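The structure appears below as structure tokens.
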Amino acid sequence: MRTLIVGAGAMGCLFSAKLHLSGFDVTLFNRENERVKWIEREGIQLITVDNEQVQAFVPVIYDTGKLEKYDLILILVKSFATEAVLTELKHIVDKNTIVLSLQNGVGNLEIMQKVVPRADLGIGGTGSGASVLNIGMIAHRATGVTNIGFIEDRQPDKYLYISEMFSKSGIETVITEDVQSVIWTKLMINVAFNSLTAITRLRNGDVLLPKAGESLVRELLTEALEVAEKEGVEILYANPIEDILQIGHTQIARNQSSMLTDVLKSRKTEIEVINGAIVKYGKKHGISTPYNELMMALIKVIEESYPKQIER
């Protein structure tokens, strides 16, 4: 299966390296910048969960004119870039192309349906996590399960192959029939950790160690779960709050959230589609979401004040 991975951030590099090292046909696509030029020359340096360093010389494309046909296009850019990126790619998409998003937040599926309606669309959430250590080096920090689902049952054999391909590469993956549950379950993880770790500048596990940190996570999740219930979405955990806390202490404890990385690099975050999504749907259903509103406001203050922030 020819696979195009879109986005050379931590997760794009992780999937690219893991698939390439396992012998699968994978190409990385990103706009031309210093990082992709480095990867093109030096490869992706991956620190594994066992703390071993490996090198993956993944083919890189940054010129849309050089793109060909791919069986799978895996979208791993920031949510606010989804529409622009898919617009660039739609000339290589037909009804047999599987376009799979493993992005954070909600709303990516609707964008995909608008921009590439002919494609065979899938959506999912990954429990794997990675951190960028330097320009060409990433560390695999979290090893949770990746859940994927597909909008229509067009190519079931290919869906199974994708899950097996990811799993054989060391990214355990399962297929679910309830796509919205996949999206909202991953959203719960993001709601719990992303904004709070970005504000405190702590790793996922460390933010839970103070009692106040765990208490804030519980409040954020309580609001989010009430909203999800009103939306009629089933979360894929038997006991969501306790299970997510346990995941935070174990599977993703060492991970640096993507929102924390964005704040450290003075970049735009995905707050609007994470805590902001809970606020939006809360208003739709008349549900009060003060904790998520506060997190969104604080991140907005940070984003709008990067040049004025005091350095240590």
Side-chain angles (χ1 to χ4, degrees), residues 1 3-7 9-16 18-19 24 26 70-79 81-82 85-86 89 93 97-113 115-116 119-130 140 142-194 224 228 231 233-237 240 243-244 247 251-252 255 257-258 270 273-274 277:
M1 176 173 283
T3 300
L4 182 71
I5 294 183
V6 182
M11 295 305 297
C13 287
L14 175 66
F15 272 79
S16 296
K18 298 285 282 184
L19 289 168
F24 295 104
V26 59
Y70 298 88
D71 302 296
L72 170 65
I73 298 177
L74 180 59
I75 307 296
L76 285 168
V77 296
K78 297 292 186 184
S79 60
T82 305
V85 167
L86 281 179
L89 299 178
V93 173
T97 310
I98 297 174
V99 180
L100 173 63
S101 163
L102 293 181
Q103 299 162 280
N104 290 333
V106 296
N108 293 298
L109 176 59
E110 290 77 8
I111 293 171
M112 293 162 63
Q113 290 172 320
V115 181
V116 286
D120 191 351
L121 301 176
I123 200 89
T126 179
S128 284
H140 190 181
T143 57
V145 174
T146 294
N147 291 285
I148 58 176
F150 298 89
I151 308 309
E152 299 180 37
D153 192 24
R154 291 197 213 169
Q155 305 179 82
D157 291 343
K158 287 186 178 180
Y159 307 154
L160 180 60
Y161 183 85
I162 291 168
S163 70
E164 291 175 345
M165 178 173 71
F166 288 173
S167 294
K168 287 177 181 177
S169 301
I171 300 171
E172 182 185 355
T173 302
V174 297
I175 296 174
T176 180
E177 294 181 359
D178 189 342
V179 175
Q180 289 302 319
S181 288
V182 170
I183 297 170
W184 279 77
T185 299
K186 176 57 189 271
L187 178 64
M188 294 298 123
I189 298 282
N190 294 151
V191 164
F193 295 102
N194 282 30
E231 278 291 297
V233 178
E234 182 180 355
I235 303 302
L236 302 175
Y237 295 119
D243 290 348
I244 289 170
I247 289 168
Q251 296 176 14
I252 63 172
N255 196 46
S257 76
S258 59
E270 296 179 295
V273 297
I274 299 177

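Basis for what follows: all heavy atoms, side chains included, without hydrogens, waters or symmetry-related copies. Just so you know, these numbers come straight off a predicted model, no measurement behind them.
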Taking the side chain as every heavy atom from C-beta outward, state whether Thr97 and Val116 have any atom pair closer than 4.5 Å.
no
Report yes if some heavy atom in the side chain of Val145 is under 4.5 Å from a heavy atom in the side chain of Thr173; otherwise report no.
no
Non-hydrogen atoms of Ala130 and Ala10 that approach each other most closely:
O-CB, 3.5 Å
Glu231: what forms a salt bridge (Lys or Arg N to Asp or Glu O under 4.0 Å) with it, not counting sequence neighbours?
Lys284
Any idea which heavy atoms bring Leu102 and Gly125 closest together, and the distance?
CD2-N, 3.9 Å
Assess, by modelled atom type and distance only, whether the side chains of Asn104 and Ser258 contain a donor and an acceptor separated by less than 3.5 Å.
yes
Distance (rounded to the nearest 0.5 Å) between Ile252 CD1 and Ile244 CD1:
9.0 Å
Heavy atoms of other groups near Glu172 CD, more than 12 under 6.0 Å:
no
Beyond-backbone contact of Leu72 with Ile162, side-chain heavy atoms, under 4.5 angstrom
yes
Evaluate side-chain contact (heavy atoms from CB on, under 4.5 Å) for Leu100 paired with Ile123, printing each intermediate quantity in order.
CA-CA 5 Å; Leu100 173 63; Ile123 200 89; 5.5 Å; no
Roughly how far apart are Lys186 NZ and Leu236 CG, rounded to 0.5 Å?
13.0 Å
Does a side-chain heavy-atom distance below 4.5 Å link Met188 with Pro240?
no
Looking only at non-hydrogen atoms, find the nearest pair between Ser128 and Ile171 and report the distance.
OG-CG2, 3.7 Å
Closest approach of Gly127 and Ala142, non-hydrogen atoms and distance?
O-CB, 3.6 Å
Who passes side chain to side chain contact (heavy atoms under 4.5 Å, CB included) against Val273, sequence neighbours left out?
Ser79, Glu270
Heavy-atom donor-acceptor pair, Ser163 side chain to Leu160 backbone, under 3.5 Å
yes
Could you tell me whether the side chains of Thr176 and Asn147 share a donor-acceptor contact shorter than 3.5 Å?
no
Supply the atom-to-atom distance Met112 CE to Leu121 CG, rounded to the nearest 0.5 angstrom.
4.5 Å
Around atom CD of Glu110, are there more than 12 heavy atoms of other residues, nucleotides or ligands at under 6.0 Å?
yes
Could you walk me through whether Ile75 and Ile5 pass the side-chain contact (heavy atoms from CB on, under 4.5 Å) check?
CA-CA 6 Å; Ile75 307 296; Ile5 294 183; over 6 Å; no
Mind running side-chain contact (heavy atoms from CB on, under 4.5 Å) on Ile98 and Leu74 for me, showing each step along the way?
CA-CA 8 Å; Ile98 297 174; Leu74 180 59; over 6 Å; no
I'd like to check Leu109 versus Ser101 (side-chain heavy atoms, cut-off strictly below 4.5 Å). Are they in contact?
no
For the residue pair Gly7 and Val77, what are the closest heavy atoms and their distance?
CA-CG1, 3.8 Å
Closest non-hydrogen atom pair, Ser181 against Asp178
OG-OD2, 2.7 Å
For residues Leu76 and Val6, determine if any side-chain heavy atom of one lies less than 4.5 Å from a side-chain heavy atom of the other.
no
Does a sphere of radius 6.0 Å around NZ in Lys158 hold more than 12 heavy atoms from other residues, nucleotides or ligands, not counting ones at 6.0 Å or beyond?
yes
Approximate separation, where rounding is to 0.5 Å, of Ile73 CD1 and Leu4 CG:
5.5 Å
Evaluate side-chain contact (heavy atoms from CB on, under 4.5 Å) for Trp184 paired with Ile235, printing each intermediate quantity in order.
CA-CA 7 Å; Trp184 279 77; Ile235 303 302; 3.9 Å; yes
Please examine the side chains of Asp71 and Tyr161, heavy atoms only from C-beta on, and report whether any two atoms are closer than 4.5 Å.
no
Angle class for the Tyr159/Phe150 ring planes (parallel below 30°, perpendicular above 60°, tilted otherwise)?
parallel
How long is the gap from OG on Ser257 to CG on Asn255, to the nearest 0.5 Å?
7.5 Å
Just jot down the side chain to side chain contact (heavy atoms under 4.5 Å, CB included) partners of Thr143, sequence neighbours excluded, or say none.
Val49, His140
In this structure, CD1 of Ile189 is separated from CG of Asn194 (nearest 0.5 Å) by 9.5 Å
Is the shortest side-chain heavy-atom distance between Phe166 and Thr126 below 4.5 Å?
no
